[in-house]
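Dropping a structure here in structure tokens format, bear with me for questions.
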There are 2 protein chains.
Amino acid sequence: MSDQAITARRPTMRMVADAAGVSAATVSYVLSGRTSAGEGKSGISDTTTRRILQAAETLNYSPNQAARSIRTGKTNLVLLSLTMLSDPWAQAVSTAASAEVAKDGRTAMILADGDWAVVLQKQTPDVAFIDAADATHAAQLKTLASSGMNLVVMSDTLEPDGFDVVRSPAVPGCRKAMEHLLETHTDIACLATSSAKSHPVPSRYSVYLDAMAEAGLDVPEGRVGFAELHPAAAYDAALRLLSGPTPPSAIYAVTDFAALSAINAAHQLHLRIPEDIAIIGAGNTPDGELAHPALSTVGPADAYGEIACLLRSRAAEKERSADRVITLEWELFVRGSSHTTT
Amino acid sequence: MSDQAITARRPTMRMVADAAGVSAATVSYVLSGRTSAGEGKSGISDTTTRRILQAAETLNYSPNQAARSIRTGKTNLVLLSLTMLSDPWAQAVSTAASAEVAKDGRTAMILADGDWAVVLQKQTPDVAFIDAADATHAAQLKTLASSGMNLVVMSDTLEPDGFDVVRSPAVPGCRKAMEHLLETHTDIACLATSSAKSHPVPSRYSVYLDAMAEAGLDVPEGRVGFAELHPAAAYDAALRLLSGPTPPSAIYAVTDFAALSAINAAHQLHLRIPEDIAIIGAGNTPDGELAHPALSTVGPADAYGEIACLLRSRAAEKERSADRVITLEWELFVRGSSHTTT
DNA sequence: CTGAAAGCGCTTACAG
DNA sequence: CTGAAAGCGCTTACAG
């Protein structure tokens with residue numbers, strides 16, 4: 001008389017054990033792949049194994065992660081706190097990390113609003129990646145770390161303190177971009193973010209000023225465009241830079257994002273890239289390579305890969321080892337947008 | 001002689017109980033806010049409460065979510081499976097859902113790679129939102145639902161079957177866009193996605209053809225632009241649409257995204273919007289309102305809010321109630337890009 | 001090769 | 001007002 005199932009319950013290991021006519025312990029062993037015997041031993045017999053797998057299959061059983069966690073201390077969860085979701089960078093990190101940690105059966109999930117501090121109070125991922133932190137977070141990070149949380153933090157300023165630090169030194173990287181341009185150009189414009197003026201020095205913008213000065217080059221009025229982090233704004237700024245009476249021969253953009261807008265603007269003005277105008281960005285964002293022409297840039301060669309590997313190994317650790325610092329070396333990538341074949 | 005703490009362990013409820021000189025049960029009661037006594041009763045005495053709170057504070061205790069889950073069956077996790085992370089839509093859903101479920105102390109996390117099917121096998125969120133599903137997923141969804149998972153699925157075709165369905169009927173919505181344009185225009189161009197030609201009818205594109213035909217209007221050669229889902233591609237397509245010898249007086253774009261590119265293209269050509277060219281998009285994406293001029297569009301008024309509420313209520317449910325279907329009504333939003341003050 | 005038992009950190013009737 | 005006890009679903013030595 002009762003309905004199918006008032007509220008379907010998840011099958012439990014007990015149910016599988018009963019169905020297979022064995023104990024829960026045996027089910028646990030075959031499902032987790034571990035064996036109660038020593039290393040070499042075969043463990044559970046083949047026929048039992050088959051019966052259990054069979055039963056699990058028909059019951060559609062999968063182990064309760066919470067129950068498992070409580071014993072093992074692992075949640076199989078990797079948390080990615082990513083501030084700018086729209087950024088291609090965020091997507092690349094997410095894709096790389098997901099694939100990497102999946103190798104150990106873990107799942108990567110993204111926390112979008114940046115309040116990792118409160119979430120990590122309740123949830124307990126095997127490792128958490130925090131994509132931006134500074135001195136104001138030092139205490140919170142230390143506290144979390146001291147209660148056993150595995151943390152990987154991107155920061156150019158923070159020192160490791162129970163957590164790992166990933167550095168991405170943009171300023172020296174950007175120098176390489178300027179040096180590259182200065183090899184063949186003297187009249188270089190800069191596309192900066194509108195907040196650059198008030199930013200502390202050194203910044204990606206100050207690199208431009210310094211490099212020009214050191215090269216003994218003037219920066220005439222109108223050679224620097226400031227734009228918000230918005231496609232249209234960057235595009236307009238680039239347009240202004242390029243449509244004056246004596247346009248520059250090269251543009252140094254402080255982000256790949258702005259550089260991409262500059263490429264569009266140049267196309268619009270029917271300027272040839274790089275013959276009429278060379279363009280370089282910064283960050284080595286994945287979509288730079290897809291532009292026409294491909295965008296020259298500076299940035300870490302494989303930031304996502306390195307981060308993903310670090311996350312994977314931290315998540316899998318049985319017990320915490322020494323703090324690590326990894327520095328992503330910024331390299332110069334000369335591509336079509338700045339390269340003139342001689 | 002031993003170091004501070006070889007590997008810092010998280011404090012446990014036991015430790016708090018000991019520190020406060022009470023039993024674990026009492027700690028549980030005060031920390032969870034629940035009381036062992038009946039509704040009206042005060043439960044734990046004030047002084048005990050204070051002692052416990054104090055102890056928890058100094059130990060930096062927070063309850064182990066896994067242990068809690070195993071008893072309560074709730075994980076306090078809300079999973080958002082979002083396919084297009086870069087989409088403003090994804091961000092809006094994420095923001096709205098995070099805020100909404102946080103009211104009950106839950107955390108929303110995003111699953112980026114769309115393989116919810118495998119993740120939901122292991123993780124058990126209180127509710128999962130799946131932003132795109134079709135008939136090919138029906139069986140998987142049903143299976144998950146039947147083992148107790150709370151699912152909210154966006155789909156125009158799927159019927160609820162142990163899970164909730166959110167519909168967003170674009171085709172009738174898009175008709176409103178065309179009808180709006182047809183009130184004051186006869187020469188209307190269409191900006192469609194390049195896959196539209198092969199898409200099954202009815203589609204956002206076929207709506208254009210049909211509406212034109214029903215209005216007795218011809219669609220001359222070159223009035224339809226097909227573009228990939230890429231800023232530059234959409235921009236170029238719009239440019240072509242607008243720079244012919246006899247440009248149209250209005251553009252119907254099948255997405256807000258394409259419409260925004262059309263706005264940029266029109267600016268570039270020094271066309272006035274909406275006087276020279278009226279533009280309407282579809283989807284009511286959050287950044288449409290921020291454009292100059294603001295983008296007219298069709299779409300659901302508050303998709304994010306409705307979804308967020310549904311997620312919250314599902315997550316909080318003690319036991320599953322009847323399946324729900326919610327249909328997001330597409331409305332017409334006339335804004336600056338199509339509105340001529342008379 | 002397999003099972004009985006203890007225990008992970010919590011919650012929740014139940015009895016004082 | 002508070003505590004002892006059972007139990008959630010697992011894992012893991014340990015003993016057969």
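Residue numbering restarts at 1 for every chain, and letters A, B, ... go by the order of the sequence lines. All values derive from a computational prediction rather than experimental measurement.
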Residue met sooner reading DNA chain D from 5', once B:A24 and A:A25 are mapped to nucleotides: B:A24

Show me the side-chain donor-acceptor pairs of residues 53-61 of chain B shorter than 3.5 Å, one per line, residues at least two apart or across chains.
| unit_1 | atom_1 | unit_2 | atom_2 | d |
| --- | --- | --- | --- | --- |
| B:T58 | OG1 | B:A55 | O | 3.1 |

Taking the minimum atom-to-atom distance to the side chain of B:T12, which one of D:dC10, C:dG9, D:dT2 wins?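 Nearest nucleotide to the side chain: C:dG9.
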
Listed once per pair and sorted, the salt bridge (charged side-chain N to carboxylate O under 4.0 Å, His left out) pairs that draw on residues 84-93 of chain B, sequence neighbours left out: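 Not a single pair qualifies under salt bridge (charged side-chain N to carboxylate O under 4.0 Å, His left out).
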
I want to check one thing: is the phosphate of C:dT2, taken as OP1 and OP2, less than 4.0 Å away from some side-chain N or O of A:S23?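 For C:dT2, OP1/OP2 do not have a side-chain N/O of A:S23 under 4.0 Å.
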
Whole angstroms only, please: what is the CD-C1' distance between A:Q65 and C:dC10?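 Checked: the CD to C1' distance equals 17 Å.
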
OP1 or OP2 of D:dT2 under 4.0 Å from side-chain N/O of B:T26: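 No, outside the criterion.
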
Roughly, in whole Å, what's the span from CZ in B:R68 to C1' in D:dC8? 15 Å

Atom pair distance, as rounded to whole Å: CZ in A:R71 and C1' in C:dG7: 5 Å

Euclidean distance, atom OH of residue A:Y29 to atom C1' of C:dT2 [Å, nearest integer]: 9 Å

Sort by first number and list every stem of DNA chain D: at least 3 consecutive Watson-Crick or G-U wobble pairs, both distances under 3.5 Å. C:1-3 with D:14-16, C:5-12 with D:5-12, C:14-16 with D:1-3

Atom CG of B:L31 to atom C1' of C:dT11: distance rounded to whole Å? 12 Å

Check the phosphate of C:dC10 against B:Y61, side-chain N and O only, distance under 4.0 Å to OP1 or OP2. Yes or no?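 Yes, because at least one side-chain N or O of B:Y61 sits under 4.0 Å from OP1 or OP2 of C:dC10.
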
Before accepting this row, confirm whether a basic side-chain N of the pair A:R324/A:E317 lies closer than 4.0 Å to the acidic partner's carboxylate O.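 Yes, charged N to carboxylate O under 4.0 Å.
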
Can you name the one residue among A:L311, A:L79, A:T107 that meets side chain to side chain contact (heavy atoms under 4.5 Å, CB included) with A:P125? A:L79

Taking atom C1' of C:dC1 as reference, at what distance in whole Å does atom CZ of A:R51 sit?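 For the pair A:R51 CZ and C:dC1 C1', the rounded distance is 12 Å.
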
Please list all pairs meeting salt bridge (charged side-chain N to carboxylate O under 4.0 Å, His left out) that have one or both residues in residues 301-312 of chain A, counting only residues at least two apart or in different chains. A:E100-A:R312, A:D104-A:R312

Can you list every side chain to side chain donor-acceptor pair (under 3.5 Å) pair that touches residues 120-133 of chain B, not counting sequence neighbours?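 Checked against side chain to side chain donor-acceptor pair (under 3.5 Å) - neighbours excluded - the pairs reaching residues 120-133 of chain B are A:R10-B:T124, B:T75-B:D126, B:T83-B:D131, B:R106-B:D126.
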
Whole angstrom is fine here: how far is it from NZ in B:K318 over to P in C:dT11?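 Going from B:K318 (NZ) to C:dT11 (P), I get 13 Å.
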
Euclidean distance, atom CG of residue B:N64 to atom P of C:dG7 [Å, nearest integer]: 18 Å

Taking salt bridge (charged side-chain N to carboxylate O under 4.0 Å, His left out) as the test, write out the residues that go with A:E159, two or more places apart. A:R167

Counting side-chain heavy atoms from CB outward, which of C:dC14, C:dT11, D:dT11 is closest to A:M13?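 The answer is D:dT11, which lies nearest to the side chain.
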
Closest to side chain of B:I70, choosing from D:dG9, C:dC10, D:dT2: D:dG9

How is B:S69 classified with respect to the nucleic acid when contacts are heavy atoms under 4.0 Å: base, sugar-phosphate, or nothing? nothing

With the side chain of B:T48 defined as its heavy atoms from C-beta on, choose the nearest nucleotide among C:dC10, D:dC1, D:dT12.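 That would be D:dC1.
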
